[in-house]
Amino acid sequence: MDFANLASQLNAGTILPEGIVILTLLGVLIVDLILGRTSSRSIGYLAIAGLLASIVALYFQWDALNPMSFSGGFNSDNLSIVFRGIIALSAAFTILMSIRYIEQSGTALAEFIAILLTATLGGMFLSGASELVMIFISLETLSISSYLLTGYTKRDPRSNEAALKYLLIGASSTAVFLYGVSLLYGLSGGQTQLSAIADGIATANVGQSLGLVIALVFAIAGIGFKISAAPFHQWTPDVYEGAPTPVIAFLSVGSKAAGFALAIRLLTTAFPLVADEWKFVFTALAVLSMILGNVVALAQTSMKRMLAYSSIAQAGFVMIGLIAGTQAGYASMIFYLLVYLFMNLCGFTCIILFSLRTGTDQIAEYSGLYQKDPLLTLGLSISLLSLGGIPPLAGFFGKIYLFWAGWQAGLYGLVLLGLVTSVVSIYYYIRVVKMMVVKEPHEMSEAVQNYPPIRWNLPGFRPLQVGLAITLIATSIAGILSNPLFTLANHSISHTAILQATVNSTVQAQNLPLLPKSDSVSQSQPPVDSNVKI
């Protein structure tokens with residue numbers, strides 16, 4: 001094999017964004033080694049610059065003519081580009097909110113950023129992995145880095161406990177997932193590429209065998225753990241409560257996005273013969289996640305535990321788009337994850353600010369916060385109301401797109417359950433907002449009464465201010481100006497080859513209208529079938 005042929009098969013330019021993240025990671029370690037802890041803040045800015053450069057590189061790979069690389073092991077199609085962008089952007093905002101937090105905890109910032117960049121790298125590779133070995137290595141890179149980040153504040157017993165629980169449950173789920181894909185490897189006749197696996201299973205005529213069903217169930221168990229869907233959610237509340245707050249901010253967005261990217265690529269490519277079965281299983285997971293997440297969140301007294309159960313419920317909402325299996329369904333998933341990125345990170349930025357100034361995250365301690373910190377109250381209120389789906393915020397339009405796609409696909413029960421549980425979620429979100437805004441001065445909590453003077457010129461507070469401002473503005477206007485994001489999501493699906501066969505088969509099976517191309521989408525809202533009554 002000559003060099004030109006080898007280079008064309010490798011097509012290494014597709015992983016340029018990941019290469020930039022690797023160089024940034026090495027740069028962080030070298031700068032820290034040379035300059036020591038005096039360079040901690042500059043290391044944070046270096047990492048953010050590298051992640052933004054990676055996002056720019058992703059932009060220039062849009063609509064690539066030859067997205068396959070490494071002999072079919074990695075696919076840099078538009079679907080993977082969007083998910084890789086979400087993961088890189090969530091990591092950049094996480095670094096903004098972590099500089100002051102990690103410094104105050106007394107641990108080294110450079111090592112924290114290095115591990116976070118490693119997790120980002122694993123998530124980005126997982127979003128485009130099209131081969132079993134690469135999927136497993138990427139998944140483990142993301143998972144092991146997440147375990148280390150969870151227990152990074154070693155002096156905090158809660159962080160140690162959370163890391164241990166996360167490690168034990170995560171190792172079990174990884175073993176289950178690995179056993180499932182090993183069955184897949186055997187049933188396909190020794191294939192590791194996802195497309196070849198589907199062909200091998202069809203050729204061997206084992207499309208409805210018990211072994212394939214077991215492989216499917218085990219693979220879904222691994223994915224369910226990564227997206228924290230019930231009943232694979234047991235780790236979520238304890239990890240959210242004990243881990244450093246910037247870490248759970250990244251896990252709630254970046255790790256979840258990587259899990260959904262894996263779900264779309266693995267299920268639609270390797271399991272097309274049992275599509276009805278995996279959609280049935282995910283329907284059960286969505287029902288459990290929406291009910292359990294929203295109902296249990298009502299009884300929480302810790303803000304971080306409340307957002308943990310909220311993230312479980314949000315995973316249930318996003319699964320509606322996956323179950324729909326249409327172009328509109330996949331596009332609504334991507335759109336919702338894009339707006340979820342901003343509204344969730346805005347909320348966690350506010351929680352970090354409050355905990356830095358008061359040392360607590362109990363919901364009752366937020367009483368009367370408006371009297372002392374109007375900006376923090378505004379940011380947290382907007383993010384919580386957006387998570388609840390209050391118009392005209394971004395979360396409202398995200399849920400509308402998801403429910404509309406589910407309704408068109410005939411998922412009437414799931415959509416109605418989603419509407420009911422969304423109303424339930426509004427109660428516990430508004431409860432926090434009411435506590436911050438409505439309380440009289442004499443009803444302030446002790447933490448708010450002792451609230452320190454607001455100063456943004458303290459070391460490390462400026463990045464928090466920037467992160468809060470950007471996420472707050474994006475959460476406020478992303479819903480009203482949603483067309484660019486929806487066009488991006490729709491275009492990423494319509495120009496991804498691996499999804500077209502799935503979309504067409506779903507449309508033919510259910511007599512659904514095809515979603516128009518992105519250039520014909522209305523400038524104000526997605527196209528809605530006039531025959532559908534909601």
Side-chain angles (χ1 to χ4, degrees), residues 96-106 153 156 158-159 237 240-249 252 297-310 343-388 390 393 425-473 475-476:
L96 274 178
M97 66 175 70
S98 63
I99 293 176
R100 177 66 183 180
Y101 188 97
I102 298 300
E103 285 180 346
Q104 187 159 315
S105 69
T153 50
D156 186 356
R158 295 186 308 166
S159 179
Y240 272 54
E241 186 176 28
T245 311
V247 173
I248 61 176
S252 68
L298 293 171
Q300 301 306 310
T301 59
S302 165
M303 183 69 77
K304 292 204 288 187
R305 284 187 76 91
M306 187 192 80
L307 288 179
Y309 284 104
S310 167
M343 58 190 181
N344 209 45
L345 292 182
C346 178
F348 276 111
T349 304
C350 295
I351 292 173
I352 289 172
L353 276 168
F354 186 79
S355 64
L356 287 175
R357 290 168 173 165
T358 63
T360 180
D361 72 328
Q362 295 298 305
I363 295 176
E365 297 298 333
Y366 284 78
S367 297
L369 182 61
Y370 175 74
Q371 308 289 336
K372 293 292 185 73
D373 198 338
L375 176 61
L376 186 58
T377 304
L378 174 66
L380 189 55
S381 300
I382 292 293
S383 66
L384 292 178
L385 294 177
S386 183
L387 286 168
I390 301 296
L393 301 173
S425 71
I426 291 172
Y427 171 78
Y428 60 79
Y429 289 133
I430 288 187
R431 179 186 64 174
V432 179
V433 177
K434 176 178 178 294
M435 190 171 292
M436 291 189 296
V437 175
V438 178
K439 292 289 184 180
E440 297 295 329
H442 65 275
E443 295 178 314
M444 284 183 187
S445 67
E446 183 177 351
V448 173
Q449 289 176 2
N450 299 323
Y451 204 77
I454 300 172
R455 294 174 57 195
W456 290 104
N457 57 352
L458 294 174
F461 268 83
R462 190 64 66 189
L464 273 168
Q465 186 183 30
V466 172
L468 176 59
I470 294 175
T471 53
L472 177 58
I473 293 171
T475 303
S476 303

Qualifying residues under side-chain hydrogen bond (donor to acceptor under 3.5 Å, both in side chains), relative to [X], sequence neighbours excluded:
{"X": "S302", "value": "D361"}
{"X": "S310", "value": "Y429"}
{"X": "E103", "value": "S40, R41"}
{"X": "Y451", "value": "R357, D373"}

Exercise. Could you tell me which residues satisfy ring pair (Phe, Tyr, Trp, His ring centres under 6.0 Å) with F348, sequence neighbours excluded, listed by chain and number?
Key: none
Exercise. Please test S367 against S445 for side-chain hydrogen bond (donor to acceptor under 3.5 Å, both in side chains), starting from the C-alpha separation and ending with a verdict.
Key: CA-CA 5 Å; S367 297; S445 67; 5.3 Å; no
Practice problem: Output yes when a side-chain donor or acceptor of E241 lies under 3.5 Å from a complementary backbone atom of R305, and no otherwise. | Solution: no
Exercise. Keeping the roles fixed (side chain from K304, backbone from G242), state whether a donor-acceptor pair exists under 3.5 Å.
Key: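 No; judged by distance alone, with no hydrogens or angles, the pair does not exist.
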Exercise. Output every pair passing salt bridge (Lys or Arg N to Asp or Glu O under 4.0 Å) with a member in residues 379-388, not counting sequence neighbours, ordered by first then second residue.
Key: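 Output for this query is empty, none listed.
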Go through the structure and list residues passing side-chain contact (heavy atoms from CB on, under 4.5 Å) with [X], not counting sequence neighbours.
{"X": "I470", "value": "F93, V466"}
{"X": "Y370", "value": "P374, T377"}
{"X": "C346", "value": "S383, L468, T471, L472, T475"}
{"X": "N450", "value": "E446"}

Quiz item: Any side-chain heavy atom of S159 within less than 4.5 Å of one from P244?
Solution: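 Yes, side chains in contact.
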Quiz item: Roughly how far, to the nearest 0.5 Å, is the OG atom of S386 from the CD1 atom of I390?
Solution: 9.5 Å
Quiz prompt | Sequence-distant partners of E365, salt bridge (Lys or Arg N to Asp or Glu O under 4.0 Å), two or more places apart | solution = none
